[in-house]
Amino acid sequence: MHELPVVIDIVRVIEQEASKRNMKEITQIYLVIGELSSIMDESVQMYFEIIAKNSVCAGAKLVFEHRPAMLKCSVCKKEFSHTRGFNCPACGGDSVLVKGTGREFYIQSFTGQ
Ligand SMILES: [Zn+2]
């Protein structure tokens, strides 16, 4: 459910940008979603279809890019994606979450005419 205000924001921001750039039709919107943000592609897509109707974004294709949370080894300080496990791939040491990673959610870019 928390995707609804997020989608309202996306459409509002793009409408403003589109009008500044004199764009009449948005064709693709690139979104970055961190894996810990608990934002689901399907929900964003579903709300987008409702909210974007009658806006410059109607009919735009959403392209999702997922960013993994990053971990940092507490021994050798190497950073690595958590999809590789929780132990350091270089030395096997314990790791901690790199602050802020995996929680991103923003508009990377959009295309249109
Ligand atoms: Zn290490």
Side-chain angles (χ1 to χ4, degrees):
M1 291 299 278
H2 54 273
E3 285 89 351
L4 178 58
V6 164
V7 173
I8 291 172
D9 267 356
I10 293 171
V11 172
R12 188 166 50 210
V13 167
I14 293 184
E15 276 187 318
Q16 285 170 356
E17 281 300 310
S19 98
K20 272 187 222 161
R21 300 185 205 176
N22 243 333
M23 294 165 101
K24 300 276 176 274
E25 187 193 358
I26 303 303
T27 49
Q28 286 194 308
I29 301 169
Y30 297 87
L31 299 170
V32 171
I33 303 181
E35 67 172 337
L36 303 178
S37 66
S38 74
I39 289 174
M40 307 293 295
D41 298 7
E42 298 76 24
S43 304
V44 172
Q45 184 70 53
M46 185 186 79
Y47 287 125
F48 181 78
E49 280 163 24
I50 300 164
I51 307 293
K53 211 184 276 182
N54 303 322
S55 84
V56 71
C57 304
K61 183 179 187 311
L62 298 180
V63 182
F64 298 97
E65 182 190 333
H66 297 106
R67 293 273 170 88
M70 295 300 288
L71 298 172
K72 187 173 187 175
C73 176
S74 50
V75 181
C76 73
K77 310 298 179 201
K78 183 182 168 65
E79 286 191 14
F80 56 100
S81 156
H82 118 237
T83 54
R84 304 180 57 179
F86 289 93
N87 286 101
C88 175
C91 75
D94 286 334
S95 60
V96 291
L97 184 68
V98 177
K99 214 175 157 192
T101 63
R103 298 198 180 276
E104 305 91 335
F105 183 78
Y106 57 89
I107 303 163
Q108 176 92 295
S109 62
F110 61 90
T111 59
Q113 52 199 6

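Ion pair Arg12/Glu15 not flagged as a salt bridge, since none of the NZ, NE, NH1 or NH2 atoms sits closer than 4.0 Å to an Asp/Glu carboxylate oxygen.
Connection of Met40 to Ile33 is not established within any shared hydrophobic cluster, with ILVMFWY side chains joined at heavy-atom distances below 4.5 Å, either directly or through further cluster members. In the hydrophobic clustering of ILVMFWY residues, with side-chain heavy atoms under 4.5 Å counting as a link, Leu4 and Phe48 come out together. Val13 and Phe64 fall within a single hydrophobic cluster, where Ile, Leu, Val, Met, Phe, Trp and Tyr side chains are chained together by heavy-atom contacts under 4.5 Å.
The structure places CE of Met46 at 13.0 Å from CG of Asp41, a figure rounded to the nearest 0.5 Å. Considering NE2 of His2 and OG of Ser37, their distance stands at 7.0 Å, rounded to 0.5 Å. The OG atom of Ser109 sits 9.5 Å away from the CD atom of Glu65 when rounded to the nearest 0.5 Å. For the atom pair CZ (Phe110) and CD1 (Ile29), the distance works out to 8.0 Å, reported to the nearest 0.5 Å. To the nearest 0.5 Å, atoms NZ (Lys72) and NZ (Lys78) are separated by 12.5 Å.
Closest of all the heavy-atom pairs between Cys57 and Ile14 is SG-CG2, 3.6 Å. Contact between Glu3 and Ser38 at its shortest, heavy atoms only, is OE2-O, 3.8 Å.
Put simply, the side chain of Ile26 does not reach to within 4.5 Å of the side chain of Thr111, judged on heavy atoms. His82 places a side-chain heavy atom less than 4.5 Å from the side chain of Glu35. Inter-residue side-chain proximity for Phe105 and Ile10 is flagged as met; some heavy-atom pair is nearer than 4.5 Å. Between Cys88 and Ser95 the shortest side-chain heavy-atom distance does not fall below 4.5 Å. For the pair Gln113 and Lys24, the minimum side-chain heavy-atom distance is 4.5 Å or more.
Under a 4.5 Å side-chain heavy-atom criterion applied to ILVMFWY residues, the cluster that includes Val98 comprises Met70 as well. Tyr106 belongs to a hydrophobic cluster whose other members, connected by ILVMFWY side-chain contacts under 4.5 Å either directly or through intermediates, are Val32. Clustering of Ile, Leu, Val, Met, Phe, Trp and Tyr side chains at separations under 4.5 Å places Val63 together with Tyr30. With side-chain heavy atoms closer than 4.5 Å counting as contact, directly or through intermediates, the hydrophobic cluster containing Leu97 also holds Leu36, Leu71, Phe80, Phe86.
Checking side-chain atoms of Glu104 against main-chain N and O of Gly102 turns up a donor-acceptor pair under 3.5 Å.
For Ser19, there are no side chain to side chain donor-acceptor pair (under 3.5 Å) partners, not counting sequence neighbours.
Applying the side chain to side chain donor-acceptor pair (under 3.5 Å) rule to pairs touching residues 51-64 yields nothing, sequence neighbours excluded.
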